[in-house]
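Below is one structure, written out as structure tokens; the observations come after it.
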2 protein chains.
Amino acid sequence: MARRGDTIELAVLGLLHEGPMHGYELRKRLNLMLGWGRVLSYGSLYPALKKMLRANLITEVADTTTPVTRRPRITYEVTEAGNDHFQRLMSEVGPTAWEDDNFDIRFAFFSSTDMEIRLRVLEGRRSRLQERLARVQGELERTQAEVNRYAAELQRHGVESVEREVRWLSELIRAERDDESATPSTTQAATQPAAPRATTND
Amino acid sequence: MARRGDTIELAVLGLLHEGPMHGYELRKRLNLMLGWGRVLSYGSLYPALKKMLRANLITEVADTTTPVTRRPRITYEVTEAGNDHFQRLMSEVGPTAWEDDNFDIRFAFFSSTDMEIRLRVLEGRRSRLQERLARVQGELERTQAEVNRYAAELQRHGVESVEREVRWLSELIRAERDDESATPSTTQAATQPAAPRATTND
DNA sequence: GTTAGCATGTAAGGAGTTACATGATTTT
DNA sequence: AAAATCATGTAACTCCTTACATGCTAAC
């Protein structure tokens, strides 16, 4: 079962899916990808890579591209076992998958899974957010008469943000569904289907 | 200097500012307040309270409201030292204050500080977000030609969200400034000045 | 009668950050 | 010549979560 700490593992496997890479580059790509909020440090990346090596999820590969003079870089590649593990992690549904960071990682690597999984993750995330929304709004009604203007404004802004997020997810879900009906026989199809890009103004 | 872990301390002091409370209630209020994302567990709240007791930031007070039959609740109150500490933490500017969680807590307790601090925090937060935006957009231009549709969409959505956040902050800063000019002599004034509530559609 | 909520705590462990250590190379 | 960036790693430490422990009360 996916524990919280599998986040780095999933991220590394997802990135290596696009081709071999060395640690430093992995960190850079990852921080760009999830640059909002927490940033990954070497202190957690390198040990994680070592652990994954031991677990046979990745292997070191001869680095052909190092410009000779440079410090030799350690380039990693996914193994078959690594790919299996990646697919397993991606298709795991349940609490851990809906949380902010975990969702983002999964979403970023959606291209490497199939639509069935994508829809499950998107829908799961959406209902999770809707639950939160309902809970907070319920409690606000009971606790109402909030004296604190600023706390109230923070609440309001929070609710608004989550509502936006829900609309975004709904757009994406709709797009995925349209894809389905638009692709009659092509199973793995990479025929540039309707981009998930939501309209700029809503 | 404010370390990351002072978040709970700040939150507790801020809430007790509104009146005495016991642990269970503190947790509930806090989770409602920052319910988006991580939730505070007893495992961190109670030890933190003990620590604050030892540091003389709070004191136990006789609980008059427990309905006799009930398990006696331990009600806490801020000390003078606690209030000093609270004001010091609130007025501390610098990296820690601009990060997501820390900012939210500070914002929620804005009523307990003065406008000078509020403006500094709001502006600090805004420039922090603008920096991030600039960095990410710069790196996107260089790294462009992103093959991955989904990763690109995540980026787009992230940028859009941060841009919204910046507009929200600008609204709030404007509102604070308007307040300033609207209150000529009243220094601590609680004269219900222009609510920080932003217009629903922008 | 049993689930949910009130109420307070402790112990162990996980995940990741900070700081340290090292050194080459590219840009300013 | 200095500063930034490339590049890899380790050790200590912090903070927090999870799981356990306990027991009462209100609601269904």
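In what follows, chains carry the letters A, B, and so on, assigned in the order in which the sequence lines appear, proteins first and then strands, with residues in each chain numbered from 1.
Taking B:Arg177 as the reference, B:Glu123 meet the salt bridge (charged side-chain N to carboxylate O under 4.0 Å, His left out) condition, with sequence neighbours excluded. Among residues two or more places apart in sequence or in another chain, the ring pair (Phe, Tyr, Trp, His ring centres under 6.0 Å) test is passed with B:Tyr24 by none. For the side chain to side chain contact (heavy atoms under 4.5 Å, CB included) test, residues two or more places apart in sequence or in another chain that qualify with B:Glu163 are B:Leu133, B:Gln137, B:Val159, B:Arg167. Taking B:Tyr76 as the reference, nothing meets the ring pair (Phe, Tyr, Trp, His ring centres under 6.0 Å) condition, with sequence neighbours excluded.
Separating the CD atom of B:Glu60 from the P atom of C:dT8 is a distance of 10 Å, rounded to the nearest angstrom. Protein atom CD of A:Glu9 is 14 Å distant from nucleotide atom C1' of C:dG14, rounded to whole Å. For A:Leu10 and C:dA15, the CG to P distance is 14 Å, given to the nearest whole Å. Between the NZ atom of A:Lys51 and the P atom of D:dT10 there is a distance of 15 Å, rounded to whole Å. Rounded to an integer number of Å, the gap from A:Arg27 CZ to D:dC6 P is 10 Å. Computed from coordinates, the A:Leu45 CG to C:dT17 P distance equals 10 Å when rounded to whole Å. Look at CD on B:Glu25: it is 11 Å from C1' on C:dC6, rounded to the nearest Å. The OH atom of B:Tyr46 sits 4 Å away from the P atom of C:dT8 (whole-angstrom rounding).
A sub-4.0 Å separation between OP1 or OP2 of D:dC6 and a side-chain N or O of A:Tyr24 is present. Distances shorter than 4.0 Å separate none of the side-chain N or O atoms of B:Tyr42 from OP1 or OP2 on C:dG9. Applying the 4.0 Å criterion to OP1 and OP2 of C:dC6, one finds that B:Lys28 has a side-chain N or O inside that range. Taking side-chain N and O atoms only, A:Ser44 has a distance below 4.0 Å to OP1 or OP2 of C:dT17.
Taken over five-pair windows at either terminus, the axes of the helix from C:dG1-D:dC28 to C:dT28-D:dA1 are inclined to one another by 50° (rounded to 10 degrees).
Comparing D:dT10, C:dG16, D:dA7 by their closest approach to the side chain of A:Pro47 singles out D:dT10. Among D:dT17, D:dT10, C:dT8, the nucleotide with an atom closest to any side-chain atom of B:Ser41 is D:dT17.
Contacts classified as ring pair (Phe, Tyr, Trp, His ring centres under 6.0 Å) and involving residues 108-136 of chain A (residues at least two apart or in different chains) are given here: A:Phe107-A:Phe110, A:Phe110-B:Tyr150.
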Residues B:Glu153, B:Arg156; criterion salt bridge (charged side-chain N to carboxylate O under 4.0 Å, His left out); working and verdict
CA-CA 5 Å; B:Glu153 170 62 13; B:Arg156 207 215 95 251; 2.6 Å; yes

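Heavy atoms of B:Gly23 sit under 4.0 angstrom from primed sugar atoms or phosphate atoms, though from no base atom.
Nearest-nucleotide positions on DNA chain C for B:Gly43 and B:His22 put B:His22 closer to the 5' end.
Inter-residue side-chain proximity for B:Arg126 and B:Ser170 is flagged as met; some heavy-atom pair is nearer than 4.5 Å.
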